[in-house]
Colleague: 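Just dropping this structure here.
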Amino acid sequence: MRQAAVAEAAGISASYLNLIEHNRRRIAGKLLSDLARILGVDPSLLTEGADSDLLDQMRSAATFTGDMVEIARTEELAARYPGWSQLIAMQARRLSVLEERVRALQDRMTHDPQLADALHDVISAVTSIRSSASILVGQEELDADWQSRFHQNIHADSVRLAASSEALITYLEVPSMEQDVGTSPSEQVERQLGKTAYHLAPLEDPSADLARFVTASGLKGAALQLYERVAKQYQADVAAIPLADFEPLCIASQYDPFTIADHFDVSLDTVLRRLASLPSDGQHPPMGLMICDNSGTALFAKPVPGFTLPRSGGACPLWPIFGAFSRPAQPIRQEVLVPDAAASRFLCHAIALPVGTSRFDATPVLHSTALIMPDPPQAAADPIEVGVSCRICPRSACQSRREPAIEGVTNQSVL
């Protein structure tokens, strides 16, 4: 069908329909129903925009660039060229992983004593060989006995050099069994958890063999250690809140963490972790989870569409997960509004609790845990406006802004 014919049948101008097709105008109600009827499709097909998680990843990718990105047209790009948009998001993730690996290698080169010793052995062997060789090729004639001694020295030093070089090369290589190419240990763990939507069904059985479960993941090295830590915490949470009693109470209480915590007499962070681990069978709403330490670094992240934790750069300090650090042990319940095209709302429950035993004159170690629930019922109070990262946040008047947004990012263009 020609654009003009569709516009005429819908009772609008062709230029207005062109704006709709290029994502410049949003429609709903009667016009949406009329267009669906004219095109012979279900109205729901016309309301499905680009995946919000993909849009978050593309906007986060913009933080790697200068002011060259037309971030206000992100949704248009994702809608018109989904394949290229996936490529942009994938390359941004790859770039983040490579930058993390470079930083790790820099720290390793600078501070690792084992590497320093290996380099010293190589340099020492090379120096010794050079010294012996220079004597042998000198003008002074040596008797056979001395020549034999120097030859033996060169041979011994060359063997030592070969062994030191081999050890150095082995040390610098990243074994394939230890780490997948292009992925960090935390990403390997997230990928493993994502296979089951962060619900570890075998561990819901109190008698489950934790060691066997962790080994069966196929992870190695640092990723295996991180996964084991997550699995241990999961098993401890199951012991405190069994799934058989937990699911009915979730539905009856409308997933209120405080009601659940009182019922099972457990800490709020335990409830938040258990809520994020509910089965993804369509019976429960999607929920995201974040856990951060005092520095604001993410220790654990279960994503939820529309609320993405950036891999690089600082996140928005207005998120409740960070605000909880200023009020340790005090629960926070706050509705937030993110600056996407749909003005998505999320309900966040957060609490920061000390880890381990506190001591006098020692900086307390705090972990902040936040549960993120999308599209909550309309609250009486207005939600607080948050962002993702300052570079891609259109809220120009925000007092927490650390740097200007990329050129072209405005409240009018994004909201």
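Atoms considered below: every heavy atom in the structure, side chains included; atoms not considered: hydrogens, waters and symmetry mates. Heads up: numbering here begins at 1 and tracks the sequence.
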Colleague: Within 45° of the six-membered ring axis of Y234 and under 6.0 Å from that ring's centre, is NZ or CZ of R274 located there?
Modeller: yes
Colleague: Between F264 and T270, is there a side-chain heavy-atom distance shorter than 4.5 Å?
Modeller: no
Colleague: So F258 and V271, side chain to side chain contact (heavy atoms under 4.5 Å, CB included) or not? Walk me through it.
Modeller: CA-CA 8 Å; F258 304 102; V271 176; over 6 Å; no
Colleague: Is there a donor-acceptor pair closer than 3.5 Å between any side-chain N or O of S131 and the backbone N or O of S128?
Modeller: no
Colleague: Taking all atoms of both residues into account, what is the closest heavy-atom pair of S217 and Y227, and its distance?
Modeller: CB-CE2, 3.5 Å
Colleague: Between L278 and E247, is a side chain to side chain contact (heavy atoms under 4.5 Å, CB included) present by the stated rule, with each step listed?
Modeller: CA-CA 8 Å; L278 283 168; E247 283 194 287; 4.0 Å; yes
Colleague: Would the F300 and Y198 ring centres measure less than 6.0 Å apart?
Modeller: yes
Colleague: Quick check: closest heavy atoms across R395 and V386, and the distance to 0.1 Å?
Modeller: NE-O, 2.9 Å
Colleague: Can you name the nearest heavy-atom pair linking S85 to M58, along with the distance?
Modeller: CB-SD, 3.5 Å
Colleague: Are side-chain heavy atoms of I291 and S368 found at a separation under 4.5 Å?
Modeller: no
Colleague: Would you name the heavy atoms of S253 and I260 that are closest together and state the gap between them?
Modeller: OG-CG1, 3.9 Å
Colleague: Side chains of V266 and I241, heavy atoms from C-beta outward: is any pair under 4.5 Å?
Modeller: yes
Colleague: Can you tell me how far CD of Q235 sits from CG of D205, rounded to the nearest 0.5 angstrom?
Modeller: 9.0 Å
Colleague: Going from CG on D34 to CG on L39, what distance comes out if it is rounded to the nearest 0.5 angstrom?
Modeller: 10.5 Å
Colleague: So which heavy atom on P374 is nearest to which on I372, and how close?
Modeller: CD-O, 3.8 Å
Colleague: Calculate, to the nearest 0.5 Å, the distance between atoms CG and CG belonging to L17 and L35 respectively.
Modeller: 6.5 Å
Colleague: Do you know which of D262, I351, L272 makes side chain to side chain contact (heavy atoms under 4.5 Å, CB included) with P257?
Modeller: L272
Colleague: Keeping K302 on the side-chain end and M290 on the backbone end, is there a donor-acceptor pair under 3.5 Å?
Modeller: no
Colleague: Do S124 and T127 have side chains that get closer than 4.5 Å, going by heavy atoms?
Modeller: no
Colleague: How close do A4 and A14 get, counting heavy atoms only, and between which atoms?
Modeller: CA-CB, 4.4 Å
Colleague: If I take atom NE2 from residue H199 and atom CG from residue L243, how far apart are they, to the nearest 0.5 angstrom?
Modeller: 6.0 Å
Colleague: Donor-acceptor pair, R273 side chain versus D237 backbone, under 3.5 Å?
Modeller: no
Colleague: Verify side chain to side chain contact (heavy atoms under 4.5 Å, CB included) between I384 and L337, making sure each step is shown before the conclusion.
Modeller: CA-CA 6 Å; I384 61 171; L337 180 70; over 6 Å; no
Colleague: Using atom types as modelled and distance alone, determine if a side-chain donor or acceptor of N294 lies under 3.5 Å from a backbone N or O of P364.
Modeller: yes
Colleague: Check the angle between the aromatic planes of Y255 and H284 and answer parallel, tilted or perpendicular using the 30° and 60° thresholds.
Modeller: perpendicular
Colleague: What verdict does the side chain to side chain donor-acceptor pair (under 3.5 Å) test give for T259 and D256, after you've listed the backbone C-alpha separation in whole Å, the side-chain angles of each residue and the deciding distance to 0.1 Å?
Modeller: CA-CA 6 Å; T259 300; D256 179 54; 2.6 Å; yes
Colleague: Between S164 and L161 (side chain of the first, backbone of the second, donor and acceptor by atom type, cut-off under 3.5 Å), is there such a pair?
Modeller: no
Colleague: Just how far is it from atom CG of L353 to atom CG of L366, taken to the nearest 0.5 Å?
Modeller: 8.0 Å
Colleague: Hey, does Y16 have a side-chain heavy atom less than 4.5 Å from the side chain of L31?
Modeller: yes
Colleague: Would you say C348 and I332 make side-chain contact, with heavy atoms under 4.5 Å?
Modeller: no
Colleague: Is the backbone of C292 close enough, under 3.5 Å, to the side chain of H367 for a donor and an acceptor to pair up by distance?
Modeller: no
Colleague: Please walk me through it: do L210 and L203 pass side chain to side chain contact (heavy atoms under 4.5 Å, CB included)?
Modeller: CA-CA 7 Å; L210 179 66; L203 296 184; 4.1 Å; yes
